[in-house]
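The structure appears right after this line, and notes come after that.
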Amino acid sequence: QKEVEQNSGPLSVPEGAIASLNCTYSDRVSQSFFWYRQYSGKSPELIMSIYSNGDKEDGRFTAQLNKASQYVSLLIRDSQPSDSATYLCAVKNMDSSYKLIFGSGTRLLVRP
Amino acid sequence: NAGVTQTPKFQVLKTGQSMTLQCAQDMNHNSMYWYRQDPGMGLRLIYYSASEGTTDKGEVPNGYNVSRLNKREFSLRLESAAPSQTSVYFCASSEAEGNYGYTFGSGTRLTVV
């Protein structure tokens, strides 16, 4: 079982809709969770981090964490064509010497 | 601008040639990392350096060596390039502990023919 799993997509949503990206992880001692956005041909860019159960909002982005279910998600409200990218979920825990473990990413396509 | 700088941005090598990818960060981070990214494979850790003076293997270290030259610089060397090493390489840095993510460099696109 992969440590961090994401649906590869593509997830296609119309402009203005809510895009919901999901990630599950296998290690219960995971302590920090991150979402990166990666445009084609570019490097990953950190957009959200979350450490505690519940929701964390930043502008149009909301990260949701449920440690009991080992599940983290990213909601993008009012999706724009410029949000079209691959979104990488990453997990950090002490057992991995604080290394980030990345999922393979979900490609999001926002249709105008 | 503060961040992680990688050189070169593009490189074509012939099989068997060697080269060194350079990475430098100016954020005073303790930890540095080298990843490769291949289609459908996500980011895979090659080597990392938790702090100056230490290096450790990651998930896919075969065919690579690294040097943590000082706190700022972490280089990746391919001694004898193979077509299987065709990939995009990213360097990243972070604080080792605590709830910090990574900052990535802009990447090196390497093709081995």
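Fair warning: this is a prediction, and the values are worked out from it, not measured in the lab. Note: hydrogens, waters and symmetry copies are ignored here, and every other heavy atom, side chains too, is used.
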Original post:
For atom CZ of B:Arg72, is the number of surrounding heavy atoms from other residues, nucleotides or ligands below 6.0 Å larger than 12?
Top reply: yes

Separation between CD1 (A:Ile101) and CG (B:Leu45), nearest 0.5 Å, reads 7.5 Å

Contact list (residues 74-81 of chain A to chain B, heavy-atom gap under 4.5 Å, by number) returns none

>> Closer than 3.5 angstrom, by distance alone: can the side chain of A:Ser43 be matched with the main-chain N or O of B:Gly105 as a donor-acceptor pair?
In response: yes

Should B:Tyr102 and A:Leu88 be regarded as members of a common hydrophobic cluster, given that ILVMFWY residues are connected when their side-chain heavy atoms come within less than 4.5 Å of each other, either directly or indirectly? yes

### Donor-acceptor under 3.5 Å (B:Tyr48 side chain, A:Lys99 main chain)
no

Report task. Following the transitive rule for hydrophobic clusters with a side-chain heavy-atom cut-off under 4.5 Å over Ile, Leu, Val, Met, Phe, Trp and Tyr, establish whether A:Leu11 and A:Val4 coincide in one cluster. Result -> yes

_Looking at B:Arg44, I'd like to know if its CZ atom is crowded, meaning that more than 12 non-hydrogen atoms belonging to other residues, nucleotides or ligands lie closer than 6.0 Å._
yes

Under 4.5 Å to a heavy atom of chain B? For A:Tyr36 that would be side chain

Hey, does the side chain of A:Lys92 reach the backbone of B:Gly101 with a donor-acceptor pair shorter than 3.5 angstrom? no

Residue set satisfying side chain to side chain contact (heavy atoms under 4.5 Å, CB included) with B:Ser51, at least two apart, ordered chain then number -> B:Thr54

Side chain to side chain donor-acceptor pair (under 3.5 Å) filter on B:Gln17, not counting sequence neighbours, yields none

Residues at least two apart in sequence or cross-chain that pass side chain to side chain donor-acceptor pair (under 3.5 Å) with A:Gln38, listed by chain then number, are B:Gln37

Under 4.5 Å between side-chain heavy atoms, hopping through other hydrophobics if needed: is there a path connecting B:Tyr35 to B:Met19? no

